[in-house]
Trainee: 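Take this structure first; my questions come after.
Fair warning: this is a prediction, and the values are worked out from it, not measured in the lab.
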Amino acid sequence: MKLMHLSDLHLGKRVNEFPMLEDQKYLLLGEILSMVDEEQPDAVLIAGDVYDKPTPSAEAVQLLDDFLFQLTRRQVQIMMISGNHDSAERIAFGGRLMEHSGVHLSRVYNGKIEPVILKDQWGEVRFYLLPFLKPVHVRSALHDEQIGTYTEALRAAINGMQVDNTKRNVLLTHQFVTGAEKCDSEEVSVGGTDNVDTSVFEDFDYVALGHIHMPQKAGRETIRYCGSPLKYSFSEAKRDKTVTMVDMEEKGQIHLRMLPLHPLRDMREIQGTYMEITAKSFYEGTHTDDYLHITLTDEEDVPNAMGKLRVIYPNLMKLDYDNQRTRNTTHLEEAADVEHLSPMELFAQFYEKQNNQPMNQEQEVYMRHMMEQIWEEEK
């Protein structure tokens, strides 16, 4: 059985106030549908964060509708779950009706998840559609107040599935697995409280993960993030985007391939003086409509640099300076570092500055518990 693993479409997303819908349409209805025609997968797995907001724009909904319709025309089975950016209720809407067209949607979690079963020459493949969950969701559904961590929540939810280990089992889920490498376009966790240990996935032959935007394995090779199809931050500028293809044979035989994606516009970072970056020899022959982060190395600020540079580079998203003044400005360096710290790390720094000593273990445990409670209640 051949599977195409996608996630984190974030339809309707804006990056630095630039709408990405045209780029998303180009990839979904162009690049990815062409891959479907060439690869002819039996199922397309969409592992959450379908939309960028719980209440998506009409244009984003229309794009998803077009994509799903084109897949069903090709008689491809679709498995799709909600992520932390989605409304679980909106993703679930119409799911029972659409099953007849081969579109299988995760339902709002109620403690029970029945597998979607497909068959090939080696027998059944069972797909479990587990939407993004917080411990509070699982405690409520299972009436178990002992569930405190994300790992405990996922383990309880998976135990309730009663997975048959003699079958080939595939899990779609949208969580942060411990050890995965993040980038700047994902939500910052509260003190790492949303980490899930890979041990909860031992009953599954393949785990199609969503949430992290960089393609990577999480533990073993068959627990994978496919990554977002587009770059949504400059921390991803030097990384290639791919689609993950999963070829399942008899139980225990899985082969993975990463197919490269070619976006309408790339996201790049360039650096140099204003004269260098505006010189014809510099930009001639390059893709000047790419999304750019330009760092100017001039010692003096260039008046209206953003406006002038956008004459050549219309999709200039971000402009910085790297010179003697900025390198000597400690405040700016500290502010840049803050962007990469979790709330728990920020509080720990604040506590140490206020008290001239770090938190002890008991205080740290208490703060993590408080942050987790607040994080669970936000939605």
Trainee: Should the pair Lys25-Glu22 be classified as a salt bridge under the 4.0 Å nitrogen-to-oxygen rule?
Mentor: no
Trainee: Group every Ile, Leu, Val, Met, Phe, Trp and Tyr by side-chain heavy-atom contacts under 4.5 Å, then state whether Leu319 and Ile312 land in the same group.
Mentor: yes
Trainee: Does Tyr150 reach the side chain of Pro135, with side-chain heavy atoms less than 4.5 Å apart?
Mentor: yes
Trainee: Say whether, by atom type as modelled, one donor and one acceptor occur between the side chain of Lys251 and the main chain of Asn165 under 3.5 angstrom.
Mentor: yes
Trainee: Where does the angle between the aromatic ring planes of Tyr291 and Phe18 fall among parallel (under 30°), tilted (30 to 60°) and perpendicular (over 60°)?
Mentor: perpendicular
Trainee: Could you label the plane-to-plane angle of the Phe204 and Tyr128 rings as parallel, tilted or perpendicular, counting under 30° as parallel and over 60° as perpendicular?
Mentor: perpendicular
Trainee: Please say which of Asp203, Asp120, Asp205 ends up in a salt bridge (charged side-chain N to carboxylate O under 4.0 Å, His left out) with Arg168.
Mentor: Asp120
Trainee: Taking all heavy atoms of Ser82 and all of Ser106, pick out the closest pair and write down the distance.
Mentor: N-OG, 3.1 Å
Trainee: Does Asp65 reach the main-chain N or O of Val61 with its side chain, forming a donor-acceptor pair under 3.5 Å?
Mentor: no
Trainee: Within the side chain of Asp8, is there an N or O that forms a donor-acceptor pair under 3.5 Å with the backbone of His211?
Mentor: yes
Trainee: Applying side-chain contact (heavy atoms from CB on, under 4.5 Å) between Met267 and each of Leu230, Asp23, Val15, report the one that passes.
Mentor: Val15
Trainee: State whether a side-chain donor-acceptor pair under 3.5 Å links Asp66 with Gln62.
Mentor: yes
Trainee: How would you list, by chain and number, every residue that makes a ring-ring contact (aromatic ring centres under 6.0 Å, His included) with His293, sequence neighbours excluded?
Mentor: Phe234
Trainee: Is Gln361 atom CD crowded by more than 12 heavy atoms from other residues, nucleotides or ligands, each under 6.0 Å away?
Mentor: no
Trainee: When hydrophobic residues are tied together by side-chain contacts of less than 4.5 Å, even through go-betweens, does Leu6 share a cluster with Leu71?
Mentor: yes
Trainee: Heavy-atom count check: over 12 atoms from other residues, nucleotides or ligands less than 6.0 Å from Gln146 CD?
Mentor: no
Trainee: Would you say Lys318's side chain and Glu269's backbone share a donor-acceptor pair under 3.5 angstrom?
Mentor: no
Trainee: Given Gln24, which partner from the list Leu11, Leu9, Leu264 fulfils the side-chain contact (heavy atoms from CB on, under 4.5 Å) test?
Mentor: Leu11
Trainee: State, without any angle test, whether Thr149 and Thr151 hold a side-chain donor-acceptor pair at a distance under 3.5 Å.
Mentor: no
Trainee: Would a 4.5 Å heavy-atom cut-off, applied to side chains only, mark Thr244 and Met258 as touching?
Mentor: yes
Trainee: Of the options Glu89, Glu114, Glu99, which is the one that meets Arg107 in a salt bridge (charged side-chain N to carboxylate O under 4.0 Å, His left out)?
Mentor: Glu99
Trainee: Start with the C-alpha gap between His10 and Tyr232, add the side-chain angles, then the distance that decides, and say whether ring pair (Phe, Tyr, Trp, His ring centres under 6.0 Å) holds.
Mentor: CA-CA 9 Å; His10 287 278; Tyr232 290 131; 5.7 Å; yes
